[in-house]
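Here the structure is laid out as structure tokens; the discussion comes afterwards.
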Amino acid sequence: MLLDTILIIFLMGVAILLALMEIFLFPGITVAGVGGALFAIGGIVFAYSVSTWIGHLTLAISSIAFIAAFLWTLRSKSFSKVALHTDIDSRLTSCQELGIEPGDEGITLSRLAPIGKARIKGITVEAKSQGELIDENTPIKVIKVEGYNVTVSPRE
């Protein structure tokens, strides 16, 4: 009876540990989740094979233990060391806010096929040609500015 109890506690303890690892450390369905499910099923089946009363008791205690461990893990600071703590405080500045207007001139920094990089008024922006390919280091002229899009054509 003592060996049965130790085996049931071991199986359910490993099942709870693997289930928590699956939830908090390994996203998706991994070996930890499958292993946790197999250990839990094995522990409960073994407990019911010992006796129905022990099976019910094992099911109840392991459920309570899992819920308590889950809540404790959520509240503890144990995962703050591995959690990502980044805040994005930058914002995208439109070409109009940068002062780029139709008629401004610049040069392409990469090939516009039809989108690429260009330097206009000393500012590097993503530029779009009007359908044609414009090679690198070609003088360009701004045709249209709409929000974040700058349409350019080769300067003649």
Same apolar cluster (I L V M F W Y, side chains within < 4.5 Å links), [X]/[Y]:
X: Ile61; Y: Met1; answer: yes
X: Ile44; Y: Leu57; answer: yes
X: Leu20; Y: Leu74; answer: yes
X: Leu71; Y: Phe66; answer: yes
X: Ile67; Y: Phe70; answer: yes

Report the hydrophobic cluster partners of Ile6, with the cluster defined as I, L, V, M, F, W, Y residues connected by side-chain heavy atoms closer than 4.5 angstrom, directly or transitively. Leu2

Considering non-hydrogen atoms only, spot the tightest contact between [X] and [Y] and give its length.
X: Ala15; Y: Gly36; value: CB-O, 3.5 Å
X: Ser63; Y: Leu59; value: OG-O, 2.8 Å
X: Gly43; Y: Met12; value: CA-SD, 3.8 Å
X: Ile120; Y: Glu105; value: CG2-O, 3.8 Å

List for me each residue that meets side chain to side chain donor-acceptor pair (under 3.5 Å) alongside [X], sequence neighbours excluded, and say none if there are none.
X: Thr124; result: Arg119
X: Arg111; result: none
X: Thr5; result: none

The single option from Leu11, Ile16, Leu17, Leu18 passing side-chain contact (heavy atoms from CB on, under 4.5 Å) against Val14: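 Running side-chain contact (heavy atoms from CB on, under 4.5 Å) over Leu11, Ile16, Leu17, Leu18 with Val14 returns exactly one hit, Leu18.
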
Partner of Lys128 under side-chain contact (heavy atoms from CB on, under 4.5 Å), chosen from Leu112, Val150, Val152, Ile115: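 By the side-chain contact (heavy atoms from CB on, under 4.5 Å) criterion, Lys128 pairs with just one of Leu112, Val150, Val152, Ile115: Ile115.
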
Would the distance check show the side chain of Thr30 and the main-chain N or O of Phe26 forming a donor-acceptor pair, the cut-off being under 3.5 Å? no

Using modelled atom types and a 3.5 Å cut-off, is there a donor and acceptor pairing between side-chain atoms of Lys121 and backbone atoms of Asp104?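 No; zero donor-acceptor contacts below 3.5 Å.
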
Please tabulate, one pair per line, all N/O donor-acceptor pairs under 3.5 Å involving side-chain atoms of residues 132-148, not counting sequence neighbours.
| from | atom 1 | to | atom 2 | distance (Å) |
| --- | --- | --- | --- | --- |
| Thr138 | OG1 | Asp135 | O | 2.7 |

Any side-chain heavy-atom pair from Thr108 and Lys117 closer than 4.5 angstrom? no

Which residue pairs pass the ring-ring contact (aromatic ring centres under 6.0 Å, His included) test with at least one member in residues 28-53, sequence neighbours excluded?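 Sorted result for residues 28-53: Tyr48-His56.
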
